[in-house]
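Data first, discussion second: the structure below is written as structure tokens.
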There are 2 protein chains.
Amino acid sequence: MTETAASRLEAKLKGSGARLTAPRRVIARVLGEAEDHPDVEELHRRAQALDPGISLATVYRTMRLFEQLGVVERHAFSAGRARYEHGGEEHHDHFVDVKSGEVIEFHAPEIEALQAEVAARHGYRILDHRLVIYVERVERVEGSDKPA
Amino acid sequence: MTETAASRLEAKLKGSGARLTAPRRVIARVLGEAEDHPDVEELHRRAQALDPGISLATVYRTMRLFEQLGVVERHAFSAGRARYEHGGEEHHDHFVDVKSGEVIEFHAPEIEALQAEVAARHGYRILDHRLVIYVERVERVEGSDKPA
DNA sequence: GTGGATGCAAATAATTTGCAGCGCG
DNA sequence: CGCGCTGCAAATTATTTGCATCCAC
């Protein structure tokens, strides 16, 4: 049910006292349907496909609002434009395939646990974290499988 | 021997065929002496203190060069300006104290090992990674120590 | 109705680049 | 002594903002 993500965004909006306007509804829907990590320009493009009147400024303003409400995460995988994804589900981190530029999500509770431990050791409590691992695909070398 | 960092930067410059100019020498020295994670504007300020002729454009160009040579790391701890540190020593990650904005380095080989394992599980080899943990200081609660 | 939200265009912020002259190798 | 590097200013890129109008509550 990918549709739920958009509804969650809308619910959060209403709850915060912000107005549920047409542009925000559209942007929430675009975010909810996104399987990738679009930047503002791409969000604008997709939003305009649904409602041509939506301005770039509104996309920027809306993303800032959503980020403050804690319903999206802003990423800076590379220099240049910021990229977004709707948070809400289970936390995950990212691989960036440096060859293809592709961003892949992954879960690693073991790493998170270790992070909390290390932070505690330094006298800190974790509020949030960002882990980005830059990788390349491992070639399957012939004979790498356990031979008989 | 903090001075060694600057020498390492200079050595890498010569080795790459790039020219060892006065501005680059100054910027290498500023980086080598930095205990923090200065942004370009701050690097420019410090460089100008040693040689008033150095331009902001040169600092930008030099940092790009150093980054390509792999002798400095660019960070984006928060939106806005990029911040730098000279790499070269042992790899480390960062805590960002969200209250004070302070950036603290830490080592956690255990986490790195786990990352490599998770990456391998997904068919990847790690080229690099960035882990930033946003934290707040833990108040020492009375009686939090193991009681008798 | 009315204050928050929008669109547009102009403003800022961060970084890059064209060009003529200078100096490292 | 040539080509890479520099400073300066103008150009680009990413994001924000002022303002008149509009519409969700």
Side-chain angles (χ1 to χ4, degrees), chain A residues 9-31 37-69 71-84, chain B residues 9-31 37-69 71-84:
Chain A
L9 296 188
E10 292 192 4
K12 193 76 185 236
L13 269 185
K14 300 189 79 162
S16 77
R19 288 184 185 173
L20 190 45
T21 65
R24 287 178 180 170
R25 237 186 261 268
V26 170
I27 295 169
R29 178 170 161 198
V30 167
L31 277 167
H37 302 77
D39 59 32
V40 173
E41 215 171 74
E42 179 60 27
L43 288 169
H44 183 221
R45 201 172 299 125
R46 296 180 194 177
Q48 285 201 316
L50 301 179
D51 176 349
I54 293 179
S55 79
L56 185 58
T58 292
V59 179
Y60 270 108
R61 279 189 280 236
T62 302
M63 293 318 292
R64 204 193 329 172
L65 173 64
F66 281 173
E67 201 196 350
Q68 283 164 357
L69 293 181
V71 290
V72 302
E73 278 187 25
R74 180 206 297 258
H75 292 286
F77 295 124
S78 55
R81 297 210 244 298
R83 297 171 59 175
Y84 294 88
Chain B
L9 297 187
E10 292 193 3
K12 193 77 185 237
L13 269 185
K14 300 188 80 162
S16 77
R19 286 184 186 172
L20 190 45
T21 64
R24 287 178 180 171
R25 237 187 261 268
V26 170
I27 295 168
R29 179 171 158 197
V30 166
L31 277 167
H37 303 78
D39 59 32
V40 173
E41 214 171 75
E42 178 61 26
L43 288 169
H44 183 222
R45 201 172 299 126
R46 295 181 195 179
Q48 285 202 316
L50 301 178
D51 176 348
I54 293 179
S55 78
L56 185 58
T58 292
V59 179
Y60 271 108
R61 278 189 281 236
T62 303
M63 293 317 293
R64 203 192 331 173
L65 174 64
F66 282 172
E67 201 196 351
Q68 282 164 356
L69 293 181
V71 290
V72 302
E73 278 187 25
R74 182 206 296 256
H75 292 286
F77 294 124
S78 55
R81 296 211 243 300
R83 296 172 59 175
Y84 294 88

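The basis for the numbers below is simple: all heavy atoms, side chains too, and nothing from hydrogens, waters or symmetry mates. Chain letters run A, B, ... following the sequence lines, proteins first, then strands; residues in each count from 1.
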Touch class at under 4.0 angstrom, heavy-atom based, for A/A82 against every strand present: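 Counting heavy atoms under 4.0 Å across all strands, the contact made by A/A82 is with sugar-phosphate only.
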Taking [atom1] from [X] and [atom2] from [N], how many angstroms apart are they, rounded to a whole number?
X: B/R83; N: C/dT15; atom1: CZ; atom2: C1'; value: 18 Å
X: B/R24; N: C/dG25; atom1: CZ; atom2: P; value: 10 Å
X: B/L43; N: C/dT15; atom1: CG; atom2: P; value: 11 Å
X: B/E10; N: C/dG25; atom1: CD; atom2: C1'; value: 15 Å
X: B/R81; N: C/dA13; atom1: CZ; atom2: P; value: 9 Å
X: B/I54; N: C/dG23; atom1: CD1; atom2: P; value: 14 Å
X: B/L56; N: C/dT17; atom1: CG; atom2: P; value: 14 Å
X: A/D51; N: C/dA5; atom1: CG; atom2: P; value: 17 Å

Comparing B/V40 and A/L65 on DNA chain C - which has the more 5′ nearest nucleotide: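 It is A/L65 whose nearest nucleotide is closer to the 5' end.
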Earlier contact from the 5' end, DNA chain C, for B/E41 and A/P23: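 The residue closer to the strand's 5' end, by nearest nucleotide, is A/P23.
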Inter-residue atom distance A/H75.NE2 - A/D39.CG, 0.5 Å rounding: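 Result: 13.0 Å between the selected atoms.
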Donor-acceptor contacts under 3.5 Å from residues 11-19 of chain B side chains, at least two apart:
from: B/K12; atom 1: NZ; to: B/L69; atom 2: O; distance (Å): 3.3
from: B/S16; atom 1: OG; to: B/L13; atom 2: O; distance (Å): 2.8
from: B/S16; atom 1: OG; to: B/A18; atom 2: N; distance (Å): 3.3

Under 4.0 Å from OP1 or OP2 of [N]: is there any side-chain N or O of [X] that close?
X: B/R64; N: C/dT17; answer: yes
X: A/T58; N: C/dG7; answer: yes
X: A/R74; N: D/dA14; answer: no
X: B/Y60; N: C/dT15; answer: yes

Minimum heavy-atom separation for [X] and [Y], please, with both atom names.
X: A/P23; Y: A/T58; answer: CB-CG2, 3.9 Å
X: A/A47; Y: A/V26; answer: O-CG1, 3.7 Å
X: B/S55; Y: B/H44; answer: C-NE2, 3.5 Å

Residue pair B/D51 / B/R25, side-chain heavy-atom distance below 4.5 Å: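 Not in contact.
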Pairwise side-chain contact, A/Q48 with A/R45, heavy-atom cut-off 4.5 Å (strictly under):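 Not in contact.
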Nucleotides 19-25 of chain D: protein proximity per nucleotide (B base, S sugar-phosphate only, - neither; heavy atom, under 4.0 Å): ----BBS
